[in-house]
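Worksheet: the structure to be examined is printed underneath.
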Amino acid sequence: MVISGIDNPVNLGEAAKLKAEGKNVSGVAYDYVAACEAAPEVCIGVPYFNWGPEYVKAITSAQDGSWSSQFLWASPDWADINNPDTSIVGFEKGPALAEDDAAVLDEFITELAGGLNLWSGPVNLQDGTAYLADGEAATDQQIWYLPQLLEGMEGLSAAE
């Protein structure tokens with residue numbers, strides 16, 4: 001699996017190269033709803049942001065004088081995460097996503113909509129330091145400002 005948090009589909013190109021070499025590989029694109037078009041044969045999907053609904057709220061509040069600076073973590077529209085008028089995030093399924101896996105993904109999204117919290121402790125940082133105690137739920141700021149990758153993740157947590 002080739003995944004990147006970079007706002008482009010480069011990882012899909014890398015996955016396509018590996019697949020052409022005979023490797024069983026797929027990729028997850030990032031942040032552009034049509035990113036799977038770069039390499040549909042390996043793309044299982046793309047999570048993306050849709051700032052429109054929040055921009056409308058911010059502009060409306062600026063116009064009526066009620067705007068104030070704030071840390072905002074907007075939730076998706078769980079009734080339809082791909083609704084461009086109401087959801088801040090979405091997930092476009094890719095051509096390489098098997099039907100059985102798509103069904104499992106739909107079940108997972110339903111669990112998230114029902115309140116499943118992936119940020120509930122115990123959670124440790126990559127270096128083994130406790131980050132969330134058993135049963136503790138992370139705040140939005142703890143998630144956003146995560147000081148390291150989490151335990152079990154591979155990669156650099158900080159520039160050396």
Side-chain angles (χ1 to χ4, degrees), residues 1-19 21 23-36 38-51 53-54 69-83 86-160:
M1 180 59 63
V2 181
I3 301 174
S4 169
I6 299 171
D7 287 357
N8 65 52
V10 169
N11 66 312
L12 292 181
E14 293 302 311
K17 286 181 201 175
L18 293 168
K19 188 169 189 85
E21 294 170 3
K23 297 199 172 36
N24 182 15
V25 65
S26 299
V28 175
Y30 183 73
D31 201 27
Y32 172 53
V33 71
C36 283
E41 69 279 8
V42 296
C43 187
I44 64 171
V46 55
Y48 64 91
F49 297 105
N50 171 33
W51 301 110
E54 290 303 315
S69 179
Q70 60 183 313
F71 180 95
L72 181 65
W73 190 291
S75 296
D77 175 355
W78 290 116
D80 181 359
I81 64 171
N82 291 310
N83 183 330
T86 59
S87 193
I88 188 74
V89 297
F91 186 83
E92 186 69 28
K93 294 175 184 170
L97 183 64
E99 283 185 40
D100 290 348
D101 294 332
V104 171
L105 176 61
D106 289 339
E107 288 175 26
F108 179 65
I109 291 169
T110 298
E111 289 179 36
L112 288 171
L116 174 65
N117 184 348
L118 300 177
W119 287 92
S120 181
V123 173
N124 293 331
L125 298 175
Q126 189 180 51
D127 67 3
T129 303
Y131 192 59
L132 298 174
D134 190 20
E136 178 185 4
T139 65
D140 293 342
Q141 286 82 1
Q142 285 174 302
I143 297 168
W144 188 259
Y145 295 108
L146 188 67
Q148 295 179 30
L149 295 175
L150 299 178
E151 191 171 60
M153 292 180 168
E154 295 180 16
L156 294 176
S157 281
E160 304 267 334

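Sequence positions, counted from 1, serve as the residue numbers for this chain.
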Are [X] and [Y] packed together at the side-chain level, in the sense that at least one heavy-atom pair is separated by less than 4.5 angstrom?
| X | Y | result |
| --- | --- | --- |
| F49 | Y32 | no |
| V46 | V28 | no |
| T139 | W144 | no |
| W73 | I143 | yes |
| V42 | L12 | yes |
| L118 | F108 | yes |
| S26 | C43 | no |

Heavy-atom pair of closest approach, residues [X] and [Y]:
| X | Y | answer |
| --- | --- | --- |
| N117 | A137 | ND2-CB, 3.6 Å |
| G128 | E151 | CA-OE2, 3.9 Å |
| P47 | A29 | CD-O, 3.2 Å |
| G155 | Q126 | O-NE2, 2.9 Å |

Atom [atom1] of [X] and atom [atom2] of [Y]: how far apart are they, to the nearest 0.5 Å?
| X | Y | atom1 | atom2 | value |
| --- | --- | --- | --- | --- |
| M153 | L125 | CE | CG | 10.5 Å |
| D31 | N50 | CG | CG | 10.5 Å |
| I81 | S75 | CD1 | OG | 12.5 Å |
| S120 | E136 | OG | CD | 8.5 Å |
| W78 | T110 | CH2 | OG1 | 9.5 Å |
| W51 | I88 | CH2 | CD1 | 5.0 Å |

Inset, instruction - Before accepting this row, confirm whether a basic side-chain N of the pair K93/D101 lies closer than 4.0 Å to the acidic partner's carboxylate O. - result: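 Here K93 does not pair with D101 in a salt bridge, since their nearest N and O are not under 4.0 Å apart.
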
Inset, instruction - Fit a plane to each ring of F71 and Y145, take the angle between them on a 0 to 90° scale, and name the class: parallel (under 30°), tilted (30 to 60°) or perpendicular (over 60°). - result: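 Tilted.
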
Please determine, by modelled atom types, if [X] and [Y] share a side-chain donor-acceptor pair under 3.5 angstrom.
| X | Y | value |
| --- | --- | --- |
| S87 | D77 | no |
| Y48 | N82 | yes |
| Q148 | D127 | yes |

Legend entry - Greater than 12 external heavy atoms within 6.0 Å of E154's CD: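 Not buried by this count: 12 neighbours or fewer within 6.0 Å.
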
Inset, instruction - Please say whether more than 12 non-hydrogen atoms of neighbouring residues, nucleotides or ligands are located less than 6.0 Å from CD in E99. - result: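 Not more than 12 within 6.0 Å, no.
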
